[in-house]
Q: 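Dropping a structure here in structure tokens format, bear with me for questions.
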Amino acid sequence: MSGAQTSDTGDHSHREDGSSSEATGLRVREAIRRSGLKQRKVAEAIGIDETKLSKALSGRRRFTADELLGVATVTGVTVRWLLGDESQVSAAPPNSANVADTDEDATPKRSIAEAAWTLFGRHGFDSVRIADIAAASGVSAPSIHYYFASKSELFDAALDYSVKLAFDRQIAWLDDIADPAQRLERLLELQSPLGRTERGEWSIWLQTWARMAVEGSALSNYPLSYERWSRTVQTTIEDGQRTGCFHAGDPRAMADELTSLLDGLGIKVLTGVMDAETFSLRLRSYLDRAILRPSSTPAPSTTAVHLTDTTSPTTTHRTSADQYKESS
């Protein structure tokens, strides 16, 4: 499901040497070119000045994880493509794009889907009108229908966008974490409804479940999307079992139990039944009891906010993806 950002976002740089920094810069440059955006606009959207962006594009400066997330959001590519990364830390979502489409329809269609995502997440599917989405995306209602046959199709696009956001965060933040216990803890942080963007994603997920339960809605991508998330957790558990830091057991069953617990706790937080502190305590307790061997509990680190930390930095920290969505 969705995720929570951490307070060290602005300081984290993806693992790269000079040549890979240059290669990443070339991919970012290509994504910007295909998007049709000016470098100045991209720099503003991801929260840095144009000089820093130019240095990163030339390989003289590394992109931070948060900047890569912002670039992926504003241009429509995945972080994985930007990094040239074949990492297996996160299973790829269904129908995931590699590089931004060159079709002239790609950018307005993506902008409409992102506006729909914001409105559906805040107000709910039933309360949002096509006219509202048109106004938010700066196009006419007939233009909406040119790209999307119905409001349900728009919701499907919003669901796909939520999946992309989660996938991008995982690739940007998990690949540098070699220890499976620390990686699992960070993965759960990224998937917790403790930030503004993350709450929006969870709102979309929760509405998807409700629509499928009462309408029998053919949201065909959802089961595949959830399977992607389950496989990401399962792979992390398998890594921990191989290194001996996780308990032995059926990794699929353990992943099912852990994701189900996170789903239930997350819904309680989203609906105000549970506070963030209790959420963190319950999840931490389950990990210690059912997943982690006693000697494998991650030591305090400057690169991760632990689940027992009850002050969520996401309530005040604004990611570059947040800045982009607010300015669009």
Q: Go through Ile133 and Val139 one step at a time and tell me if the side-chain contact (heavy atoms from CB on, under 4.5 Å) criterion holds.
A: CA-CA 9 Å; Ile133 298 171; Val139 301; over 6 Å; no
Q: Do Asp168 and Lys164 sit within salt-bridge range, that is, some charged N less than 4.0 Å from a carboxylate O?
A: yes
Q: Are Phe155 and Thr208 packed together at the side-chain level, in the sense that at least one heavy-atom pair is separated by less than 4.5 angstrom?
A: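 Side-chain contact under 4.5 Å: yes.
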Q: Identify the two heavy atoms, one from Leu292 and one from Ala181, that lie closest to each other, and give their separation to 0.1 Å.
A: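 Looking at all heavy atoms of both residues, the closest pair is CD2-CB, 3.8 Å.
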Q: Could you tell me whether a side-chain N or O of Gln182 sits under 3.5 Å from a main-chain N or O of Asp179, the two making a donor and an acceptor?
A: no
Q: Going by the rule side chain to side chain donor-acceptor pair (under 3.5 Å), which residues pair with Thr243 if we only count those two or more places apart in sequence or in a different chain?
A: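 Scan of Thr243 (side chain to side chain donor-acceptor pair (under 3.5 Å), adjacent residues dropped) gives none.
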Q: Looking at Arg196 and Glu201, is any side-chain nitrogen of the basic one under 4.0 Å from a carboxylate oxygen of the acidic one?
A: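 No, no charged N to carboxylate O under 4.0 Å.
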Q: Without hydrogens or angle criteria, can the side chains of Thr24 and Ser21 be said to hold a donor-acceptor pair below 3.5 Å?
A: no
Q: Enter the distance from Phe167:CZ to Ser162:OG here, rounded to the nearest 0.5 Å.
A: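 Here the rounded value is 15.0 Å.
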Q: Rounded at 0.5 Å granularity, tell me how far CG in Leu154 sits from CD1 in Ile130.
A: 5.0 Å
Q: Can you list the steps and then say if Gln241 with Arg293 is a side-chain contact (heavy atoms from CB on, under 4.5 Å)?
A: CA-CA 10 Å; Gln241 290 176 332; Arg293 290 185 182 276; over 6 Å; no
Q: Check whether any side-chain heavy atom of Phe246 sits under 4.5 Å from a side-chain heavy atom of Leu184, and report yes or no.
A: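 Yes; the side chains approach each other to less than 4.5 Å.
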Q: State which residues pass salt bridge (Lys or Arg N to Asp or Glu O under 4.0 Å) with Arg60; sequence neighbours excluded, sorted by chain then number.
A: none
Q: In chain order, what residues pass the salt bridge (Lys or Arg N to Asp or Glu O under 4.0 Å) check against Lys151, with sequence neighbours excluded?
A: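 Counting only residues at least two positions away or on another chain, Lys151 forms no salt bridge (Lys or Arg N to Asp or Glu O under 4.0 Å).
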Q: Applying side chain to side chain contact (heavy atoms under 4.5 Å, CB included), can you list everything that pairs with Leu261, at least two apart in sequence or on another chain?
A: Leu265, Leu283, Tyr286
Q: Under the side chain to side chain donor-acceptor pair (under 3.5 Å) rule, collect the residues that match up with Ser150, sequence neighbours excluded.
A: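 Not a single residue meets the side chain to side chain donor-acceptor pair (under 3.5 Å) criterion with Ser150.
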Q: Does NZ or CZ of Arg211 come closer than 6.0 Å to the centre of the six-membered ring of Phe125, within 45° of the ring's axis?
A: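 Here Arg211 passes the 6.0 Å and 45° test against Phe125.
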Q: I would like to know whether Asp263 and Tyr226 meet side-chain hydrogen bond (donor to acceptor under 3.5 Å, both in side chains); could you show each step before the answer?
A: CA-CA 11 Å; Asp263 291 344; Tyr226 197 88; 2.4 Å; yes
Q: Salt bridge between Arg27 and Glu30, side-chain N to carboxylate O under 4.0 Å?
A: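 Glu30 and Arg27: not salt-bridged.
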Q: For residues 46-57, dump all side-chain donor-acceptor pairs below 3.5 Å to protein atoms at least two apart in sequence or in another chain.
A:
from, atom 1, to, atom 2, distance (Å)
Asp49, OD1, Thr51, N, 3.1
Asp49, OD1, Lys52, N, 2.8
Ser54, OG, Glu50, O, 3.1

Q: Could I get the full list of side chain to side chain contact (heavy atoms under 4.5 Å, CB included) partners for Ser285, not counting sequence neighbours?
A: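 So Ser285 forms a side chain to side chain contact (heavy atoms under 4.5 Å, CB included) with Arg289.
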Q: Suppose we screen for side chain to side chain contact (heavy atoms under 4.5 Å, CB included). Which residues come up paired with Lys268, at least two apart in sequence or across chains?
A: Val273, Met274
Q: So, Trp229 versus Thr259: side-chain donor-acceptor pair below 3.5 Å or not?
A: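 No - no donor-acceptor pair under 3.5 Å links their side chains.
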Q: Can you find a side-chain donor-acceptor pair between Arg228 and Ser90 that sits under 3.5 Å?
A: yes
Q: Nearest heavy-atom pair of Thr73 and Arg110: which atoms, and what distance?
A: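 Taking Thr73 first and Arg110 second, the nearest heavy atoms are O-NE, 4.4 Å.
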Q: State, yes or no, whether a side-chain contact exists between Leu262 and Ser192 at a heavy-atom distance under 4.5 Å.
A: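 In short, these two side chains touch, coming nearer than 4.5 Å.
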Q: The criterion is side chain to side chain donor-acceptor pair (under 3.5 Å); which residues satisfy it with Glu153, sequence neighbours excluded?
A: none
Q: Closest heavy-atom contact between Ala116 and Ala158?
A: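 Shortest heavy-atom contact: C-CB, 4.5 Å.
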Q: Given side-chain contact (heavy atoms from CB on, under 4.5 Å), test Leu258 with Leu287 step by step and report yes or no.
A: CA-CA 8 Å; Leu258 181 53; Leu287 288 176; 4.1 Å; yes
Q: Within this structure, what is the CG-CD distance for the pair Leu119 and Glu114, rounded to the nearest 0.5 Å?
A: 12.0 Å
Q: Ser58 and Arg29: which non-hydrogen atoms are nearest, and at how many Å?
A: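 Minimum heavy-atom contact is N-NH2, 4.1 Å.
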Q: So how far is it from His247 NE2 to Ile291 CD1, rounded to the nearest 0.5 Å?
A: 8.0 Å
Q: Are Val71 and Leu37 joined in one hydrophobic group, where the rule is that I, L, V, M, F, W and Y side chains link up if heavy atoms are under 4.5 Å apart?
A: yes
Q: Given Ile237 and Val233, is the side-chain contact (heavy atoms from CB on, under 4.5 Å) satisfied, shown in steps?
A: CA-CA 6 Å; Ile237 291 174; Val233 176; 3.9 Å; yes
Q: Assess whether a salt bridge exists between Glu185 and Arg284, defined as any Lys/Arg side-chain N lying under 4.0 Å from an Asp/Glu carboxylate O.
A: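 Salt bridge: yes.
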Q: What are the two closest heavy atoms between Val269 and Arg199, and how far apart are they?
A: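 Heavy atoms of Val269 and Arg199 come nearest at O-NH1, 3.9 Å.
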Q: By salt bridge (Lys or Arg N to Asp or Glu O under 4.0 Å), which residues pair with Asp132, not counting sequence neighbours?
A: Arg129
Q: Got a sec, which residues hit ring pair (Phe, Tyr, Trp, His ring centres under 6.0 Å) with Phe148, two or more places apart in sequence or on another chain?
A: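 Not a single residue meets the ring pair (Phe, Tyr, Trp, His ring centres under 6.0 Å) criterion with Phe148.
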Q: Taking Gly121's backbone N and O only, do any of them form a donor-acceptor pair with Ser203's side chain (distance below 3.5 Å, no angle check)?
A: yes
Q: Excluding sequence neighbours, so at least two apart, what forms side chain to side chain contact (heavy atoms under 4.5 Å, CB included) with Asp256?
A: Arg252
Q: What's the spacing between Leu165 CG and Leu69 CG if we round to 0.5 Å?
A: 9.0 Å
Q: Can you find a pair of side-chain heavy atoms, one from Thr78 and one from Leu82, that are under 4.5 Å apart?
A: no
Q: If you compare all heavy atoms of Ala65 against all heavy atoms of Ala172, which two are closest, and at what distance to 0.1 Å?
A: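 Residues Ala65 and Ala172, closest heavy atoms: CB-O, 3.9 Å.
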Q: What distance do Ile267 atom CD1 and Trp205 atom CH2 have between them, rounded to the nearest 0.5 Å?
A: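 Taking CD1 in Ile267 and CH2 in Trp205, the distance rounds to 12.5 Å.
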